[in-house]
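What you see is a predicted model, and the numbers here were worked out from it, not measured in a lab. By convention in this document, chain letters (A, B, ...) are assigned in the order of the sequence lines, proteins followed by strands, and residues within each chain are numbered from 1.
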There are 2 protein chains.
Amino acid sequence: MNLEIDFRSGIPIYLQVVERIKERIAGGSLPLGSQLPTVRSLALELRVNFNTIARAYRILDEVGIISTQQGRGTYVMEISPPEVSEKIRQKALVALTQRYLADANRLGASSEELSEIMKDKVTIWQQTGHLPDPEPDVE
Amino acid sequence: MNLEIDFRSGIPIYLQVVERIKERIAGGSLPLGSQLPTVRSLALELRVNFNTIARAYRILDEVGIISTQQGRGTYVMEISPPEVSEKIRQKALVALTQRYLADANRLGASSEELSEIMKDKVTIWQQTGHLPDPEPDVE
DNA sequence: AGTACAATGATACAATTATACAATGAGACA
DNA sequence: TGTCTCATTGTATAATTGTATCATTGTACT
């Protein structure tokens with residue numbers, strides 16, 4: 001990986017890591033979809049605690065640049081958010097809806113029952129600006 | 001099998017698999033007594049380690065919904081209701097809707113745009129009694 | 001000095017994977 | 001029929017990965 005980190009610059013290590021990785025991705029030396037070093041291995045390389053790397057990764061994850069998955073590793077996102085073009089987006093939306101209706105249909109839902117459920121959720125969505133947390137497991 | 005699981009959701013994969021399979025059984029697309037995919041084949045399909053699938057199967061087995069037998073395979077229990085009954089079905093439906101809206105939200109869809117798409121599909125659904133074939137995935 | 005706060009480290013934990021293992025069943029063959 | 005072999009199935013356990021929480025360190029400001 002060989003990131004250039006300056007321990008004396010006064011800039012927090014985790015922020016430096018964030019920047020270096022952003023640069024690597026932008027420059028193409030970290031291909032989309034490729035796996036980043038594990039938090040522990042990169043930490044070892046930089047002689048730093050692995051939580052510091054985890055912090056950097058978490059920031060990049062929240063921005064949507066990488067995807068961190070517990071037990072699996074962290075990967076460069078295939079398509080960073082701005083690149084998702086409008087046409088692709090719409091197609092995805094239609095496909096998503098299609099799958100949703102098919103699944104609901106398999107569960108024996110009528111369109112009336114569906115719109116009833118949908119109404120509740122959308123109301124909350126519009127009023128609060130975000131969706132409610134997923135409900136607990138179906139025991 | 002074609003289960004929809006989200007690696008980024010933060011919800012453990014094995015729990016997602018549990019839910020998706022519960023829904024399939026509740027919806028009848030996994031008939032009672034039928035064999036589920038082997039842990040290895042489903043793992044291959046989802047690009048996941050087969051122990052993750054085994055964990056999901058073990059949970060479903062402990063609840064009594066499926067029966068896993070070493071060397072033979074795993075099967076949907078002949079009598080899984082009352083576990084999988086009307087209440088479960090409704091819960092599954094709500095959960096499904098929730099996930100759908102969350103996904104759509106991530107795609108930047110407004111509720112207006114959504115209901116527009118939905119309207120088209122549902123109209124066809126009601127007029128023809130079945131849904132049009134799903135469009136190809138946009139990966 | 002003392003306090004507050006951000007950065008970093010230590011530790012325990014949860015999810016996933018890797019590897020080796022045991023049970024089952026199908027086919028070959030005596 | 002018996003049993004051998006082998007591929008296929010699920011199981012068990014340890015290693016690997018990221019996560020959560022709290023402790024420690026350092027720095028700026030009173």
_Whole-Å gap separating P (D:dG18) and CG (A:Leu44)_ = 13 Å
*For the pair made of CZ in A:Arg40 and P in D:dT19, what is the distance, rounded to whole Å?*
11 Å
_As an exercise, state the distance from CG of B:Leu42 to CG of B:Asn2, rounded to the nearest 0.5 Å._
10.5 Å
*N/O donor-acceptor pair, side chain B:Arg72 with base D:dG10, under 3.5 angstrom*: no
*Output yes when at least one side-chain N/O atom of B:Thr52 is less than 4.0 Å from OP1 or OP2 of C:dA15, else no.*
no
*For B:Glu23 against B:Leu96, the heavy-atom pair lying closest together*: OE1-CD1, 4.3 Å
_Ion pair check, B:Arg99 and B:Glu19, cut-off under 4.0 Å_ = no
*What integer distance in Å separates A:Leu42:CG from D:dT16:P?*
18 Å
*Rounded off to whole Å, could you give me the CD1-to-P distance for the A:Ile66 and D:dT17 pair?*
15 Å
*CZ of A:Phe7 versus C1' of C:dA7: gap in Å, rounded?*
13 Å
*Should A:Tyr14 be listed as having a side-chain N or O under 4.0 Å from OP1 or OP2 of C:dT8?*
no
*Honestly curious: do A:Ile65 and A:Tyr75 fall in one hydrophobic cluster under the side-chain, below-4.5 Å linking rule?*
no
*Once you round it to whole Å, what is the distance between C1' of C:dT19 and CG of B:Asn51?*
9 Å
*Polar pair under 3.5 Å, donor/acceptor by atom type, side chain B:Asn49, base D:dT16*: no
*OP1 or OP2 of D:dG10 less than 4.0 angstrom from a side-chain nitrogen or oxygen of B:Tyr57, does that happen here?*
no
_So if I apply the side chain to side chain contact (heavy atoms under 4.5 Å, CB included) rule between B:Leu15 and each of B:Ile13, B:Val17, B:Ile11, which one comes out positive?_
B:Ile11
*Could you state the atom-to-atom distance from CZ of A:Phe50 to P of D:dT16 in whole Å?*
14 Å
*Closest nucleotide of DNA chain C for A:Gly71 versus for B:Gln70: which of these residues is on the 5' side?*
A:Gly71
*Tell me whether the OP1 or OP2 atom of D:dT11 has a side-chain N or O from B:Thr68 closer than 4.0 Å.*
yes
*Side chain of A:Pro12 only, please: which of D:dT9, C:dA7, C:dT16 is the nearest?*
C:dA7
*With a 4.0 Å cut-off on heavy atoms, is A:Arg55 in touch with a base, just the backbone sugar-phosphate, or nothing at all?*
base
_Rounded interatomic separation in angstrom, taking CD1 from A:Ile53 and C1' from C:dG9_ = 13 Å
